[in-house]
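First comes the structure, then the notes that go with it.
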Amino acid sequence: MAESYFLNGLKKIESIICIAEFGSYRIEYWNKDRSDIDLAVVVKSKVSS
């Protein structure tokens, strides 16, 4: 999936507050054949009053 397609899809989800990438992706310890990409997503609560 193209990065721009992925990002445009995320922009349509109004409940997303923040997305953070963490772990070894984009650093020297990332192994293409073994490592995964870690994301933390903070979303708005769907609780109504």
Only pairs under 3.5 Å count here: list side-chain donor-acceptor contacts from residues 13-20, not counting sequence neighbours, and write none if there are none.
none

Let me check something: any side-chain donor-acceptor pairs from residues 1-8 under 3.5 Å, sequence neighbours excluded? List them with distances.
unit_1: N8; atom_1: ND2; unit_2: S4; atom_2: O; d: 3.2

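Legend: residues meeting side chain to side chain contact (heavy atoms under 4.5 Å, CB included) with N31, ordered by chain and number and at least two apart, are D33, R34, S35. Residues satisfying the salt bridge (Lys or Arg N to Asp or Glu O under 4.0 Å) test with E21, not counting sequence neighbours, are R26.
Within the structure, every pair that satisfies the ring pair (Phe, Tyr, Trp, His ring centres under 6.0 Å) test and touches residues 9-46, not counting sequence neighbours, is listed here: Y25-W30.
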